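The shown structure was predicted, so the numbers you read here are calculated from the model rather than taken from an experiment. Letters A, B, ... mirror the listed sequences (proteins, then strands); counts begin at 1.
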2 protein chains.
Amino acid sequence: MDIQLKRGLLDVCVLAAIKNEDSYGYQIIKDLKPCIELSESTLYTILKRLEAANMLTVRTAEHGGRLRKYYHITPEGRKRIEDFKDEWKEIMSIYRFVTKEDEAYE
Amino acid sequence: MDIQLKRGLLDVCVLAAIKNEDSYGYQIIKDLKPCIELSESTLYTILKRLEAANMLTVRTAEHGGRLRKYYHITPEGRKRIEDFKDEWKEIMSIYRFVTKEDEAYE
DNA sequence: CGGTATACATCGTATCACGAAGTATCAACC
DNA sequence: GGTTGATACTTCGTGATACGATGTATACCG
């Protein structure tokens, strides 16, 4: 999938991946894999960005001797998903514009 | 509309704007306005990129004493639009993932 | 003991949309 | 004839950001 198309989708995907249950980096990547692929460096950049924007909070917990950072979505994060649904209407109108066939040309 | 979301859409929009009829910069911006807004600097950057990628050709013509550069879509440009339709399936699956409600959570 | 999976972090780079500013022509208005 | 606004294209610098490469560290399995 084209990198440029992924932009703007990735943030929301990450938020969606934690919206029902707190999760951590490695797990998020696995959960998103069937839907959208992203590298670790990309994910951790995104998580930091979302934290700075108050869309999620972080909690460090030990698990099997290793540290894990669990991410929890905030109301702002949920709002971001809702806003995305609105933006989707614009996206759909763009899609229709691009795929619209001109009868005169056909 | 979020800048990041526009990325990956803009190229295809510009190609769509000239797919039925050759057009020039200023006109393309006006035609796209109801669908997606873009500045002149953005458009001319995109046009150069698409030309470099052989997705369109350029022809300079005089019109009312002023020069205009008319852009014409190539087969590669049309293929780009077709490829976009395929990518759209992935986009839709991402949308469904993001908006999917988890019954257990509701 | 070595390989693989887990888990997170940092750095540098390339791509790209945009605002700002500039150049130039033409039509309309006063 | 001077001013303004629309038309038309160009260049420059900046900020955002996805990613590969690389590094660190632990757990588990054979």
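Taking only side-chain nitrogens and oxygens, A/T42 comes nearer than 4.0 Å to OP1 or OP2 of D/dC19. Using a 4.0 Å cut-off, some side-chain N or O of B/R68 falls inside it from OP1 or OP2 of D/dA8.
Proximity note for B/R66 (side chain, C-beta onward) versus D/dA6, D/dA18, C/dA17: the nearest is D/dA6. Nearest to the side chain of B/K6, among D/dT10, C/dC18, D/dA16, sits C/dC18. Checking D/dA18, C/dC18, C/dA9 against the side-chain heavy atoms of A/R49 singles out D/dA18 as nearest. In the set C/dT15, D/dA18, C/dA7, C/dT15 carries the atom at the smallest distance from any side-chain atom of A/Q4. For A/S39, the listed nucleotide lying nearest its side chain is D/dC19; candidates were D/dC9, D/dC19, D/dA16. Nearest nucleotide to the A/Y44 side chain, out of C/dT15, D/dC9, C/dA9: C/dA9.
Counted by atom type alone, B/Y70 and B/R59 present zero donor-acceptor pairs between their side chains at under 3.5 Å. Remark: the A/T45 side chain and the A/T42 side chain contain no N/O donor-acceptor pair separated by less than 3.5 Å.
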Evaluate salt bridge (charged side-chain N to carboxylate O under 4.0 Å, His left out) for A/K48 paired with A/E51, printing each intermediate quantity in order. CA-CA 5 Å; A/K48 261 178 201 158; A/E51 188 193 357; over 6 Å; no
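Rounded to whole angstrom, the span from the CD1 atom of A/I29 across to the P atom of C/dT6 amounts to 11 Å. Across the protein-nucleic acid pair, A/L10 atom CG and D/dC19 atom P stand 6 Å apart, rounded to whole Å.
Under the 4.5 Å side-chain heavy-atom criterion for grouping Ile, Leu, Val, Met, Phe, Trp and Tyr, B/M92 is connected to A/L5 within one hydrophobic cluster.
Residue A/S41 places a side-chain atom within donor-acceptor reach of the base of D/dG20, judged by atom type and a 3.5 Å distance cut-off alone.
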